[in-house]
Structures are given as C-alpha cells and as structure tokens.
Amino acid sequence: MSKEVISVLIGEEELDRRIRELGKQISADFAGETVHVIGILKGGAPFACELSKRLTVPVIMDYLQVSSYGASTSTSGDVRFMKDLDIAIKGKNVLIAEDIIDTGMTLAAIRDSLAGRGAKQIKVCALLDKPERRILKKIEADYVGFSVPDKFVVGMGLDYDQKYRNLPYVGVLEFVDE
Ligand code: IMP
Ligand code: MG
C-alpha cells in the first residue's frame, strides 16, 4: 500500500502575486481591446477565474473542455473535445487560459481547432509550464506563470484522479509506501 503525499511547491501568496503580474502585463498588451478568456476545463478553470479578476480590460469568459487523461499521471496522447465554446470568436482577441503545458498535445489540438474560426488573434497563458516534457517543440505559451520541474503537480485546478483541484497552492504529489 502507498499513500499520496503532497508537498507545497508554489504557495498561495506567490501564486496570487504572479497572477496579478500576468494580469497587469496582459491588460497592457491588450489595452483598449476586449479579451475573450477561454478557460480549459476542468484544470484551467480556477486559473481562468483568478486571471480574469486581475485583468483591467473588458473580459468575456468562456470555456472549452478537452480530455486526454484518465486515472494516470502520463498523457495518453489522445485528445477528445467534450465541450465547445458557447460564444463565437470570429474577429475576437482570444486568450486561452490553461493550467499546465506538459507534452503540448492538448494545446496543439485546441489551437488547431480554434485556428479556423477567424479569431483576430489567439494567445495562450499557462499558469505552469513543464518544458522538459515537451514533445511538440513548437508549442509555447505567450505568457507563463511558473516553470516547474518534471514532477507530477496538483492544486489550483490540477488533479490526480479528479482530486486536489481545490487546493489553493500548487504541490508535488508523491506516492509513499506505508
Ligand atoms: P499535455 O497535453 O501533455 O500538454 O497535457 C496537458 C494537460 O495534462 C493539462 O491540462 C493537465 O490537465 C494534464 N497534466 C499535465 N501535467 C500534469 C501534472 O503534473 N499534474 C496534473 N495534470 C497534469
Ligand atoms: Mg487540463
């Protein structure tokens, strides 16, 4: 038997500080424009909300759901669309808010799907980035909160088997023998 142990990697205050900085930078970059913040369900939802709160430009919030993970800590490489956008993005400034970029497969699939819809521009903001794990080298976020090591992380939207999304910090999950 092993138990799940979580150690704090990025604390609540540090997350808040960095999200405020990202909000300031993105608000400056999109000055005078409306931004469609698209949260990627479920993991990107808490970050999409926290980031949107820190934007000073007008914001429209929408969500997209894709699925690539089961009860496993590694990607299956198979991305399925579960929920599409409610609001058309033609001619709009789109900001994808994602929890983490790992292999890059999810983001690549989302970008491909949104690319044909005539958005004015599509930018990506990821709370976390695991650059060591990238398979698709061309996939980078325009804005990144924190680069993290190649460890399995949970909290702030990130789950293990649907658990821990509600943690207000980002922690490393380890399995320790009992
Ligand atoms: P990618 O397609 O490999 O880039 O994976 C992106 C998705 O995998 C993220 O949106 C997460 O849902 C999930 N993911 C990747 N790494 C982790 C992790 O360390 N903890 C929890 N979920 C992860
Ligand atoms: Mg996700």
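Both ligands and their constituent atoms are indexed starting at 1 by order of listing.
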remark   = So CD1 of Ile19 and CD of Glu14: to nearest 0.5 Å the spacing works out to 11.0 Å
query = What do you reckon, does Asp159 put a non-hydrogen atom under 4.0 Å from ligand 1?
reply = yes
inquiry  = Between ligand 1 and Val153, is the shortest N or O to N or O distance under 3.5 Å?
reply    = yes
message = Can you check which of Asp99, Val66, Leu158 brings a heavy atom nearest to atom 9 (C) of ligand 1?
response = Asp99
message = Residue-level breakdown please: for Lys130 versus ligand 1, do any non-hydrogen atoms fall below 4.0 Å on the side chain, on the backbone, on both, or on neither?
response = side chain
ask   = Under 4.0 angstrom from ligand 1, any heavy atom of Val154?
value = no
task = Answer yes or no for Arg134: is there a heavy-atom contact with ligand 1 below 4.0 Å?
result = no
request  = Taking only Lys NZ, Arg NE, NH1 and NH2, and the carboxylate oxygens of Asp or Glu, determine whether Asp84 and Arg117 approach each other closer than 4.0 Å.
outcome  = yes
request  = Answer yes or no: does an N/O atom from Leu107 fall short of 3.5 Å to an N/O atom of ligand 1?
outcome  = no
ask   = Which atoms of ligand 1 are found less than 4.0 Å from any heavy atom of Thr103?
value = 1 (P), 2 (O), 3 (O), 4 (O)
Salt bridge present between Glu21 and Arg54 (N-O < 4.0 angstrom) = no
inquiry  = I need the atoms of ligand 1 closer than 4.0 Å to a non-hydrogen atom of Glu98, numbered in the order shown.
reply    = 10 (O)
query = Can you check whether Ile87's main-chain N or O pairs, donor with acceptor, with Asp62's side chain at less than 3.5 Å?
reply = yes
request  = Give a yes or no on whether a salt bridge exists between Asp142 and Arg111, defined as a side-chain N under 4.0 angstrom from a carboxylate O.
outcome  = yes
query = For Gly43, is the nearest heavy atom under 4.0 Å from an atom of ligand 1?
reply = no
request  = Answer yes or no: is there an ion pair linking Lys163 with Glu4, defined by an N-O contact shorter than 4.0 Å?
outcome  = yes
request  = Give, for atom CG of Asp129 and atom CD1 of Ile101, the distance between the pair rounded to the nearest 0.5 Å.
outcome  = 5.5 Å
key: Atoms in ligand 1 flagged as close to Lys151, the criterion being non-hydrogen separation under 4.0 Å   = 19 (O)
ask   = What atoms of ligand 1 come closer than 4.0 angstrom to any heavy atom of Met105?
value = 2 (O), 4 (O)
query = Applying the 4.5 Å side-chain criterion to the ILVMFWY set and letting contacts propagate, would Val5 and Leu167 be lumped into a single cluster?
reply = no
